[in-house]
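Structure first, commentary second.
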Amino acid sequence: MRFSRAYIPTSKEIPNDAVLQSHILLTRAGYIKGVASGLYNFLPLGKKSLDKIRTIVKEELDHSGCQEVDLSFVTPAELWEESGRIAKFGKELLRFRDRKEALFVLGPTHEEMMVALVRHQLNSYKQLPQNLYQIKTKFRDEARPRFGLMRGREFVMKDGYSFHENENDMKREFYLMQETYKKIFNRLGLDFRVVEADSGAIGGSGSREFMVIANSGEDTLAICNSCDYGANIETAKRQPHRNQNNHDELNVEVEMDFAKFKTPNIKTIEELSKFFHISDWFIAKAVVKKAIYENSSKIAIFFVRGGDEVEEKKAINSINALELIDPTPEELLNVGLIAGFIGLLNLPKNPNIIKVIDLELQNAKPIITGANELDYHYIGVSLEELPEKTHFADLIRVKEGDICPICNKGSLIYKRGIEVGHIFQLGTKYSEPLGATFLDRDGKSQPMVMGTYGIGVSRLLSAIVEQSHDQNGIIMPLAIAPYKINILISNIKNSDELNFGEKLYSDLIAKNIEVILDDRNERFGFKIRDAELIGFPYTIIIGKGLINSKVELLNRKNNIKEEINSELILNKVLELVE
RNA sequence: CGGGGCGUAGCUCAGUAUGGUAGAGUACUUGGUUUGGGACCAAGGUGCCGGAGGUUCGAGCCCUCUCACCCCGACCA
């Protein structure tokens, strides 16, 4: 391609609606152009890089035995009613009616369509397993699109679905996909982490997210600085505090007899800790929320150790609520709770109160806890012998510095991550309602066991730029650069430079190298800045040195210019792009 | 969906307190000079001032409604 003929609208100006570096740079460098909220046009450069990502994804998946399909983008709403997700997805599903007034949706993900595709064809265990995927535009009418390609409404996703005769085989495929995904993200040159994740609305049991490490990421991760444990903060675990070697002060035996203690106006954990001269670890903190269910709501009390915070996602999952909101003071009073003195014992008998206790409080003693009575706390409480049956669950939000639950050596640190892949062990969540069954080895009809695997393909382009840029622009990895080589003729009025550049250009084309020739009638500075902005991995500068048979090779990655004999440049380039 | 902001030239933005002929930079066209880090000189074109209604002799500016876009939050397979 000749730069003089290419449609590459670059700009010095920062687009006024962009915040994220990747969004700014991709726009300024002429890869993408915003159309409307969450919608983007891909210009020639963007299209080329996107296609390269797509190709890498496809190559690795095909290599692992997956098969590409292409399902219709517009899908009948009936399917979504069958699976029950039309309500669950809500307004994110873009719905419309055709000329016959039939209701359709634009596919935001394709579990329903894929199950519908196979349910009548896969009838026997002999035909399983199958792993089908597509790389396709999806549409989700996001409440708040943002960050350019990172959270668009229209985006390209690879979505894969596997079908198995049993749980074990599904797990085998799950781990195969995990390894395949690692290969893909490694080929894309990303610094990423595989983390344990919440399965969210798609459901299923185990799930792993693939997170590109970047400060601009929307998710918080807790990762171990010693082993490879990592988890989304929503699900991250730790060694129980007492087992952590950095909390020696907790490993003391504390004598405390059971008693009811007057604690006038002592309400907060901090005040209690001071009042009793004791670590907040011995105090049970009550976090009260209003739990919202589909048709009802309850008051939920979550108990954790004084120094711990409740992780909302874990709390929601522990009681299967849709969401948690803060209760009003009246709502607390209505169920007989006294803020500041809520405790484990003597809770008001009210069916609208749910109590969940963090696992780290299991069998704990002695504990200080509110007496559910104004100005009183109990001390010396033992959770070894609770009067009624209690619900324990992991509720705490891990902190930086907590000890890793896996290696028990390293400590956890927070990182921000961009979710670029998510794999789920789905089970029969969709096969059952949609009637995707097969006859097993005993001739019995069974729902297929499914896995589902996603990669945010267009988001990857953003993630790559987030991780690979400097003040001057994008540093495009060789694997996805729209052109690997940029030949920059410093001054096209100089016929020696021009001729040399043209010759090198046609030589490289003959060798099938993806090359662009910057033959624009512009000054050197203008062209080199474009080259840096766009991020060509290598730019060959043909300029002043040519009289002495020298050209320069600029490596975008390390910004080093190397002088090279003009006779040798062709071979040098061939080496580089091998 | 709650809170905030913004909309004026292709792009970035001034002009709005106090209503009176529509602005700058950049980009673009032409000519010349220049040619290794976004050059310089000269000349030139550029607007339904987001839309609708209203107030006024007169509205980019004031009032009402509306639409779009962005930010924080909620939400996000």
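Note that this is a predicted model, so its numbers are computed, not measured. Below, chain A is the first sequence line, B the second, and so on; all start at residue 1.
- Donor-acceptor pairing under 3.5 Å is recorded for the side chains of R85(A) and Y430(A).
- Of all nucleotides present, only C13(B) satisfies the Watson-Crick or G-U wobble test against G23(B), with each distance under 3.5 Å.
- In the model, N131(A) has no side-chain atom that pairs as donor or acceptor with a side-chain atom of Y133(A) under 3.5 Å.
- Across the strands present, G36(B) finds no partner; the criterion is a Watson-Crick or G-U wobble pair with both atom distances under 3.5 angstrom.
- As a whole-Å value, the separation of R28(A) CZ from A27(B) C1' is 14 Å.
- Comparing C40(B) with U26(B), their P atoms sit 7 Å apart, to the nearest whole Å.
- Using bins of under 30°, 30° to 60° and over 60° for the plane-to-plane angle, the ring pair H422(A)/F424(A) lands in the parallel bin.
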So which protein nitrogen or oxygen atoms get under 3.5 Å of nucleotides 11-15 of chain B's nitrogens or oxygens?
unit_1, atom_1, unit_2, atom_2, d
U12(B), OP1, N16(A), N, 2.8
U12(B), OP1, N16(A), ND2, 3.0
U12(B), O4', E13(A), OE1, 3.2

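- With the nearest nucleotide of RNA chain B identified for both K138(A) and N472(A), N472(A) has the one nearer the 5' end.
- Between F96(A) and F104(A), the ring planes lie parallel to each other; the angle is under 30°, not in the 30° to 60° tilted range.
- Separating the CG atom of D326(A) from the P atom of G2(B) is a distance of 19 Å, rounded to the nearest angstrom.
- Rounded to a whole angstrom, the distance from the C1' atom of G50(B) to that of G58(B) is 23 Å.
- Dashed line: the shortest gap from a side-chain N or O of S37(A) to OP1 or OP2 of A68(B) is not under 4.0 Å.
- A donor and an acceptor atom, one from each side chain of S4(A) and D519(A), are located under 3.5 Å apart.
- If you take atom P in C41(B) and the same atom in G47(B), they sit 25 Å apart, rounded to whole Å.
- With no hydrogens or angles considered, a side-chain donor-acceptor pair links R416(A) and T220(A) at under 3.5 Å.
- No more than 12 heavy-atom neighbours from other residues, nucleotides or ligands sit within 6.0 angstrom of CD1 on I14(A).
- Taking atom CD of residue E497(A) and atom P of nucleotide G36(B), one finds them 9 Å apart after rounding to whole Å.
- Minimum atom distance to the side chain of E312(A) is reached by C75(B), of the listed G38(B), G37(B), C75(B).
- Glycosidic conformation at A17(B) (O4'-C1'-N9-C4 for purines, O4'-C1'-N1-C2 for pyrimidines): syn, within 90° of 0.
- Here the P atom of nucleotide A27(B) and the CZ atom of R520(A) are 13 Å apart, to the nearest Å.
- Looking at heavy-atom distances under 4.0 Å, N494(A) makes no contact with the nucleic acid at all.
- Within the 4.0 angstrom heavy-atom criterion, no nucleotide atom of any strand lies near Y453(A).
- Taking the six-membered ring where tryptophan is involved, the planes of Y40(A) and H23(A) are perpendicular, since the angle between them exceeds 60° and thus also 30°.
- Between K237(A) and E196(A), no side-chain nitrogen of the basic residue sits less than 4.0 Å from a carboxylate oxygen of the acidic one, so the salt-bridge criterion is not met.
- Look at U64(B): its Watson-Crick or wobble partner, with both distances under 3.5 angstrom, is A52(B).
- Side-chain contact, E466(A) with S22(A): a donor N or O sits under 3.5 Å from an acceptor N or O.
- With a 3.5 Å ceiling on both atom-pair distances, U18(B) lacks any Watson-Crick or G-U wobble partner.
- At whole-Å resolution of the value, CD1 in I325(A) and C1' in A74(B) are 11 Å apart.
- Between G38(B), G73(B), G36(B), one nucleotide has an atom nearer to the side chain of L533(A) than all others, and that is G38(B).
- The main-chain N or O of I475(A) is found under 3.5 Å from a side-chain atom of S468(A) such that the two form a donor-acceptor pair.
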Nucleotide N/O of nucleotides 30-35 of chain B paired with protein N/O under 3.5 Å:
unit_1, atom_1, unit_2, atom_2, d
U34(B), O2, R523(A), NH1, 2.6
U35(B), O2', N491(A), ND2, 3.1
U35(B), O4, K493(A), NZ, 3.1

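- If you take atom C1' in G7(B) and the same atom in C69(B), they sit 8 Å apart, rounded to whole Å.
- The C1' atoms of G5(B) and G31(B) are separated by 45 Å, rounded to the nearest whole Å.
- Nearest nucleotide to the R146(A) side chain, out of G38(B), C72(B), G37(B): C72(B).
- Which of G38(B), C75(B), C69(B) sits closest to the side chain of R153(A) comes down to C69(B).
- In this structure, the CZ atom of R151(A) is 15 Å from the C1' atom of C72(B), given to the nearest Å.
- Relative ring orientation between F174(A) and Y453(A) is described as tilted, the plane-to-plane angle lying within the 30° to 60° band.
- At the phosphate of C1(B), OP1 or OP2 sits under 4.0 Å from a side-chain N or O atom of K91(A).
- Between R144(A) and C72(B), a side-chain N or O to OP1/OP2 separation shorter than 4.0 Å is present.
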Step-by-step salt bridge (charged side-chain N to carboxylate O under 4.0 Å, His left out) determination, K91(A) to D141(A): CA-CA 7 Å; K91(A) 284 193 176 166; D141(A) 202 356; over 6 Å; no
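- Residue A18(A) is classed as having no contact, given no heavy-atom separation below 4.0 Å to the nucleic acid.
- Base pairing of G31(B) is made with C41(B), judged by Watson-Crick or G-U wobble geometry with both donor-acceptor distances under 3.5 Å.
- Among the heavy atoms of the strands, none lies under 4.0 Å from E218(A).
- Comparing G19(B) with C63(B), their C1' atoms sit 13 Å apart, to the nearest whole Å.
- Rounded to an integer number of Å, the gap from L149(A) CG to C76(B) P is 22 Å.
- Put simply, CG on L93(A) is 14 Å from C1' on C75(B), counting in whole angstrom units.
- Comparing the C1' positions of G20(B) and G60(B) gives an interatomic distance of 13 Å, to the nearest angstrom.
- For the P atoms, the distance from C71(B) to G15(B) is 24 Å, rounded to whole Å.
- Pair assignment for A59(B) gives none, since no Watson-Crick or G-U wobble pairing has each distance under 3.5 Å.
- Across all strands shown, U46(B) has no partner, as no Watson-Crick or G-U wobble contact with both distances under 3.5 Å is found.
- With hydrogens and angles left out, the side chain of K12(A) and the base of G10(B) share no donor-acceptor pair within 3.5 Å.
- With a 3.5 Å ceiling on both atom-pair distances, C6(B) lacks any Watson-Crick or G-U wobble partner.
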